[in-house]
Amino acid sequence: MKYKRLCIILVACLLVFTASIPSYALALKDDGTIDLYEVFSNKKDRMKTEVGSRIFKWSMHLPDDAIVYKSDKVNYFNMYTESYRSSVSLEVIKNEQKYTLEDILYSKQMNNPDSYYWYFSQKEFTFNIEQDAQGEKYIRIVKMDPFYDYYLVDDAAEEFSSYIENRIYIKNDYIYNLEISMEGKYYRENPEMFRKLVSSLILDYDENNPYLKELSDSVSEHRDYENTSYGWRITVNPYWKEEGISNARVQHFTAVYSHEEIYGSDESDNEKEADFNNYQSFREGITVSLVSSALPTETSEDWAQEEIEKLQQNYNDKVYEVLISEKMNLGNMDAYRVKVKYNTVPKNPYIVDTLYVIGNGYKYSVVANIPVKKYNEAKTREAFETMLKSFKLTNQRSKYLGKILDPTSLINWNDSKEIKTKKYNFNANLTKNWHTYDSFYSGGYGYYDDYYYYDTYYYSGMSNQESVSAYQKDNNMNLMMMAGFDTRNFDDIIKNYVQALLETDEVRIGLANIEVSSATVGTVNIYRIITEYDLDAINQFAKADETKSYDYNSISNQYTYAVKIGNDLYTQTVTIPLANTTDHTKNEMQQVWENTQIVGVNYNQRITNWNKHNNSKFQDTQQDFLLEDFSSFEELAKLIY
């Protein structure tokens, strides 16, 4: 708890310190990004008297002492001004439903819930549609902050309550929601100050206004971004920005605005098609990383070829295509380029264009991710090409930058490691390709671990079930081993589980196959249940029906072994995403079972043959429960336990 108190004290001190700084001090620097709290980017901008956004077409009066906060896109703007004793907020959202002012007025009036709690109450005195000095119609809502009414009564409450005016406009295919709150006593003494502020909003952006500060103009043209901690430079596209902190070891760049936001609704057909399915299984943009130090003998080509080999081992050859694999001439850098097209989501294929660079004693990767539909547009493709080819190494590096070991080169991945349950005698010998879940790998450290210990000590319940799990990073394979007390008949357990699998839609229409086999070792029965999807069949099915789509990273083949000894049930399942199902990954899966022991016995070595079952024996429609889609092993666990 002392850590929490310390953090709260530090934050409070920081806020007090920030509030005490004159506003012009907050306006002295801008590192080229648009997600800063400061308004001004240089000295001459201190003369600006308005702020706005050319993208969302608005501008507004800027008081001399204003402190401004804004979103990355500047579609949310918040300002506080001590001289006006006021706070201002403006939210701009797309009018996708084509609402009118009358629609919004109706919604606001009819959907205000009556709340038991006073602090949700409203004191609205005006609710009308009016017209401003520019001739723009808007909804005008005048209200008071009900806070003082809870403590004071009658005139005293109204004297101190903040005066709030909410204006809602519709223009440029956007909804503008402006709200200004002024301290009550100050408003009663200076109503003209409020009118000056609220009437300064203009739903337009005057490019020729010398007193207007564009809040995002720092990224409205190509600019060089230099990472002075790790020694590299790249040219960033207009209206792009870096995410997170500057000079990070892993720096991601992404477009701030969509095509429509910049160019209006007259977007290309390809852009519209891309909106058909908004799901993306990748992160669009460019990422630059300093991976590790480089060995004297390493070359970018060797590094790239290793990555291609990993791709071939861990991805089904039907879900990707290597478009380019070539040496690059980028000045004095050792660079190699690999461009891969992924079809893991057939209706949204995407390109991963990677530069492998070795220089200055380090290994750098520059990765561009872009949807194929955007990549097919010449201007967009050229913009990505420009960014990739602009990458340069510099001599400007942090004095603290030293050797960064590549951990993958320090480990023999064929070495064995054991995974086992603590209470039950259930274990498997894996290779170090498999990683286990624990507080270290999941990033737990510090006082968070103390809270975890506290919860475990005081709230952990006794259980007769136990599980352990592991995963592989390069192919997203997962292993789950569970053991527990179960007095049900083994055949009934298997029948219920298989019956649920057979009821899934993909199995019913032939897009997935279920194979059930059993074997006997002495008095012990063993079941093997395999669920495998047909990638070609799914492709054809989705092509024939535009409403259907699949992500092959999310659909997983399952390989389950179940053994029951007395009243204890042992299950082991490996799941492999369909996109990652290859001969290599299936061999990795098989190695797990072959090196598994249950109560000290390796049953795989004692099985002489598997007896394959006809699925019809599991299709009994008489159920005592509602069948659901048990498509994951976690759901199997719920059924079994």
Query raised in the report: Given Thr573 and Tyr559, is the side-chain contact (heavy atoms from CB on, under 4.5 Å) satisfied, shown in steps?
Result: CA-CA 5 Å; Thr573 291; Tyr559 305 87; over 6 Å; no

Can [X] and [Y] be counted as an ion pair, charged N to O under 4.0 angstrom?
| X | Y | answer |
| --- | --- | --- |
| Lys373 | Glu284 | no |
| Arg528 | Glu515 | yes |
| Glu382 | Lys379 | no |

Taking all atoms of both residues into account, what is the closest heavy-atom pair of [X] and [Y], and its distance?
| X | Y | result |
| --- | --- | --- |
| Trp413 | Thr408 | NE1-O, 3.3 Å |
| Asn615 | Ile514 | ND2-O, 2.9 Å |
| Ser293 | Glu298 | O-OE1, 4.2 Å |
| Tyr570 | Ala483 | CD2-CB, 3.7 Å |

When you compare the side chain of [Y] with that of [X], does any pair of heavy atoms fall below 4.5 Å?
| X | Y | result |
| --- | --- | --- |
| Asn496 | Arg488 | yes |
| His584 | Asn314 | yes |
| Ile576 | Asn475 | no |
| Ile494 | Ile529 | yes |
| Tyr533 | Asn557 | yes |
| Leu323 | Ile351 | yes |
| Leu479 | Leu430 | yes |
| Met328 | Tyr356 | no |

Is the backbone N or O of [Y] less than 3.5 Å from a side-chain atom of [X], with the two atoms forming a donor-acceptor pair by type?
| X | Y | answer |
| --- | --- | --- |
| Tyr364 | Tyr230 | yes |
| Arg381 | Tyr375 | yes |
| Tyr257 | Lys73 | yes |
| Thr344 | Ala579 | no |
| Asn237 | Trp240 | no |
| Gln251 | Glu243 | yes |
| Thr596 | Val592 | yes |
| Glu418 | Asn427 | no |

I'd like a table of donor-acceptor pairs (distance under 3.5 Å, sequence neighbours excluded) in which one partner is a side-chain atom from residues 536-543, with atom names and distances.
unit_1	atom_1	unit_2	atom_2	d
Asp536	OD1	Lys318	NZ	3.4
Asp536	OD2	Lys318	NZ	2.7
Asn539	OD1	Tyr552	OH	2.8

Report task. Just say parallel, tilted or perpendicular for the rings of Trp593 and Trp610, cut-offs at 30° and 60°. Result ->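 Taking Trp610 first and then Trp593, their aromatic rings sit tilted (interplane angle of 30° to 60°).
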
Report task. Measure the acute angle between the ring planes of Tyr225 and Trp232, then classify it against the limits of 30° and 60° as parallel, tilted or perpendicular. Result ->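 Taking Trp232 first and then Tyr225, their aromatic rings sit tilted (interplane angle of 30° to 60°).
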
Report task. Among Glu466, Gln572, Met482, find the one that has a side chain to side chain contact (heavy atoms under 4.5 Å, CB included) with Phe426. Result ->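 Between Phe426 and the candidates, side chain to side chain contact (heavy atoms under 4.5 Å, CB included) is satisfied uniquely by Gln572.
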
Requested in this report: Report the C-alpha separation of Tyr603 and Tyr561 in whole Å, then their side-chain angles, then the decisive distance to 0.1 Å, and conclude whether the ring pair (Phe, Tyr, Trp, His ring centres under 6.0 Å) test is met.
Outcome: CA-CA 11 Å; Tyr603 284 97; Tyr561 292 87; over 10 Å; no

Query - side-chain contact (heavy atoms from CB on, under 4.5 Å) assessment of Lys363 paired with Asp406 - result: CA-CA 10 Å; Lys363 297 165 67 175; Asp406 177 5; 4.0 Å; yes

Crowded around [X] [atom1]? As in, over 12 foreign heavy atoms under 6.0 Å?
| X | atom1 | value |
| --- | --- | --- |
| Lys339 | NZ | yes |
| Asp583 | CG | no |
| Phe253 | CZ | yes |
| Lys327 | NZ | yes |

Query - Residue pair Val288, Asn227: steps toward the side-chain contact (heavy atoms from CB on, under 4.5 Å) verdict - result: CA-CA 10 Å; Val288 183; Asn227 190 307; over 6 Å; no

Report task. Apply side-chain contact (heavy atoms from CB on, under 4.5 Å) to Lys98 and Asp173, showing your working. Result -> CA-CA 8 Å; Lys98 307 301 180 187; Asp173 210 21; 2.9 Å; yes

Requested in this report: Please test Glu307 against Lys310 for salt bridge (Lys or Arg N to Asp or Glu O under 4.0 Å), starting from the C-alpha separation and ending with a verdict.
Outcome: CA-CA 5 Å; Glu307 295 301 314; Lys310 288 182 184 178; 3.7 Å; yes

Report task. Output, in order, the C-alpha distance, side-chain angles, deciding distance and verdict of side chain to side chain donor-acceptor pair (under 3.5 Å) for Ser300 and Asp334. Result -> CA-CA 6 Å; Ser300 62; Asp334 176 21; 2.7 Å; yes

Query raised in the report: When rounded to the nearest 0.5 angstrom, what distance separates NZ in Lys432 from CD in Gln472?
Result: 14.5 Å

Query raised in the report: To the nearest 0.5 Å, how far apart are CE in Met480 and OG in Ser469?
Result: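 Separation between the atoms: 5.0 Å.
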
Report task. Tell me yes or no: between the side chains of Tyr527 and Asp491, is some donor less than 3.5 Å from an acceptor? Result ->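 Looking only at side-chain atoms, Asp491 and Tyr527 do form a donor-acceptor pair, the distance falling under 3.5 Å.
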
Query raised in the report: Residues in salt bridge (charged side-chain N to carboxylate O under 4.0 Å, His left out) with Glu91, at least two apart?
Result: none

Requested in this report: Cation-pi check, Lys94 to Tyr174: give yes when NZ or CZ is under 6.0 Å from the six-membered ring centre and within 45° of the ring axis, no otherwise.
Outcome: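 Output yes; distance and angle both within limits.
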
Query raised in the report: After noting the C-alpha distance and the side-chain angles of Lys548 and Glu506, does the key distance pass the salt bridge (Lys or Arg N to Asp or Glu O under 4.0 Å) rule?
Result: CA-CA 12 Å; Lys548 305 299 184 292; Glu506 282 71 27; over 6 Å; no

